[in-house]
There are 2 protein chains.
Amino acid sequence: MPSLTLRLYLDPKGRLGPGKVELLEQIAATGSISAAARAMEMSYKRAWDLVEEMKDMFGKPLVAAKTGGKHGGGAELTPVGEEVVRRFRDMERAVHEAAAPYVKALQDEADAR
Amino acid sequence: MPSLTLRLYLDPKGRLGPGKVELLEQIAATGSISAAARAMEMSYKRAWDLVEEMKDMFGKPLVAAKTGGKHGGGAELTPVGEEVVRRFRDMERAVHEAAAPYVKALQDEADAR
DNA sequence: GAGTGTTGTATCCGTATGAATATAACGAAT
DNA sequence: ATTCGTTATATTCATACGGATACAACACTC
């Protein structure tokens, strides 16, 4: 089954695609950057770099992290972070709907072998 | 000004995105793989690799190349190649339209800094 | 037949990317 | 005070990817 992915290039610079968005969702779900990284089988460094990138892209942090505490710390999405996830997923839904016939036509082209 | 790019994952495997599509257009415009590569400032090897990938993706060649001749040879798109370009660009148009409000909202989020 | 510019292909190499590793700071719980 | 798991950060290392390079085959023109 074919699929379509979107990559958004924000104005001065910075790309937002499925990877960063899924990372945000995993952070929200697990409550920590490192747990999200484990869930996505990427290094903590990479996850942290992506979070930093997003902070630069949007000028505000999308993730609020705390060090120390009962379980050593943790992270959660800021309101902006939640907003970004929601909007990106909404956009994906709208786009997949609009693109469906074209995707099918191209996949058929590939099947006709 | 923000922009949105699409990447299509065809069924067994193979990605089709803006790079390969632009390459096809440049081949059509210039009449050769190597001229297209120069126009896009990529190595001939890379261009040729991409053309091969697309042949594997679609089971049929999207580019017909000839060696020898007055100018040493040349290449043009097959009917399938032209079809793929056309459909991809059509899809992009439809998608950009559907995504516009979401793109704007996300860009505004980034501007509010 | 020589010259030409391209296709098609193989080999080598530099670099950039991310993985791995190490470590300090942190703050709550015990 | 000690323990704990996380954040935050720097440094080193390996590998994969593309770039550069080289060259044979080709067929048309002159």
Side-chain angles (χ1 to χ4, degrees), chain A residues 7 9 13-78 80-81, chain B residues 7 9 13-78 80-81:
Chain A
R7 218 156 249 109
Y9 290 70
K13 54 174 170 275
R15 299 182 307 182
L16 184 66
K20 293 202 189 87
V21 173
E22 190 190 340
L23 178 61
L24 290 179
E25 288 171 334
Q26 288 291 335
I27 290 171
T30 61
S32 94
I33 296 175
S34 59
R38 281 195 299 271
M40 293 181 66
E41 292 183 333
M42 67 172 68
S43 63
Y44 172 82
K45 175 198 188 316
R46 174 144 183 71
W48 189 83
D49 283 348
L50 293 175
V51 169
E52 278 297 287
E53 263 185 61
M54 289 189 275
K55 186 175 72 185
D56 291 345
M57 281 174 66
F58 287 94
K60 303 173 175 183
L62 307 199
V63 173
K66 291 201 227 3
T67 68
K70 183 167 59 175
H71 294 297
E76 57 180 6
L77 298 193
T78 63
V80 177
Chain B
R7 216 155 251 109
Y9 289 69
K13 53 174 171 275
R15 300 183 308 183
L16 183 66
K20 293 202 188 88
V21 172
E22 190 189 339
L23 177 62
L24 289 179
E25 288 171 333
Q26 288 291 335
I27 290 171
T30 61
S32 94
I33 295 176
S34 58
R38 282 194 299 272
M40 293 182 66
E41 292 184 331
M42 68 172 68
S43 63
Y44 173 82
K45 173 196 188 319
R46 173 145 185 69
W48 189 84
D49 283 347
L50 294 175
V51 168
E52 278 297 287
E53 261 185 62
M54 289 190 274
K55 188 175 72 182
D56 292 343
M57 280 174 66
F58 287 94
K60 304 171 173 183
L62 307 200
V63 173
K66 291 202 226 359
T67 66
K70 180 167 60 174
H71 294 298
E76 58 182 3
L77 299 193
T78 63
V80 176

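Note on naming: letters A, B, ... go to the chains in the order of the sequence lines (proteins, then strands), and numbering restarts at 1 for each one. Here the structure is a predicted model, which means the values were calculated and not measured.
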Peer 1: Indicate the atoms forming the closest heavy-atom contact of B:Ala75 with B:Val63, along with that distance.
Peer 2: CB-CG1, 3.8 Å
Peer 1: Name the closest nucleotide to the A:Lys45 side chain, picking from D:dG19, D:dT11, C:dT7.
Peer 2: D:dT11
Peer 1: Output the rounded distance in Å from CG (A:Asp49) to P (C:dA20).
Peer 2: 14 Å
Peer 1: What integer distance in Å separates A:Met42:CE from C:dT17:P?
Peer 2: 17 Å
Peer 1: Could you state the atom-to-atom distance from CD of A:Glu52 to C1' of D:dA10 in whole Å?
Peer 2: 14 Å
Peer 1: Within the structure, does a side-chain N or O atom of B:Ser34 lie under 4.0 Å from either OP1 or OP2 of C:dT7?
Peer 2: yes
Peer 1: Using modelled atom types only, decide if a donor and an acceptor are shared between the side chain of B:Lys20 and the backbone of B:Glu53 within a distance under 3.5 Å.
Peer 2: no
Peer 1: Specify the separation, in whole Å, of atom CD1 of B:Ile27 and atom P of C:dT6.
Peer 2: 13 Å
Peer 1: Want to settle it: does A:Glu41 or B:Tyr44 sit nearer the 5' end of DNA chain C, counting the closest nucleotide to each?
Peer 2: B:Tyr44
Peer 1: Counting only side-chain N and O atoms of A:Arg38, is one of them less than 4.0 Å from OP1 or OP2 of D:dT6?
Peer 2: yes
Peer 1: Would you sort out whether B:Val51 and B:Ile27 count as a side chain to side chain contact (heavy atoms under 4.5 Å, CB included), showing the intermediate values?
Peer 2: CA-CA 10 Å; B:Val51 168; B:Ile27 290 171; 3.9 Å; yes
Peer 1: Quick check: does any side chain N or O of B:Thr78 sit under 3.5 Å from a backbone N or O of B:Pro61, one acting as donor and the other as acceptor?
Peer 2: yes
Peer 1: Take atom NE2 of A:His71 and atom P of D:dC4, then tell me their distance rounded to the nearest Å.
Peer 2: 13 Å
Peer 1: If you round to the nearest 0.5 Å, how far is CG of B:Leu50 from CD of B:Glu22?
Peer 2: 11.5 Å
Peer 1: Which part of the nucleic acid does A:Lys66 contact within heavy-atom distance under 4.0 Å: base, sugar-phosphate only, or nothing?
Peer 2: sugar-phosphate
Peer 1: Can you tell me how far C1' of D:dG19 sits from CZ of B:Arg46, to the nearest Å?
Peer 2: 11 Å
Peer 1: Starting at atom CG of A:Leu50, determine the distance to atom P of D:dT7, rounded to an integer number of angstrom.
Peer 2: 14 Å
Peer 1: Between P on D:dA8 and CH2 on A:Trp48, what's the gap in Å once rounded to a whole number?
Peer 2: 7 Å
Peer 1: Would you indicate, yes or no, if C:dT7 has its OP1 or OP2 atom less than 4.0 angstrom from a side-chain nitrogen or oxygen of B:Thr67?
Peer 2: no
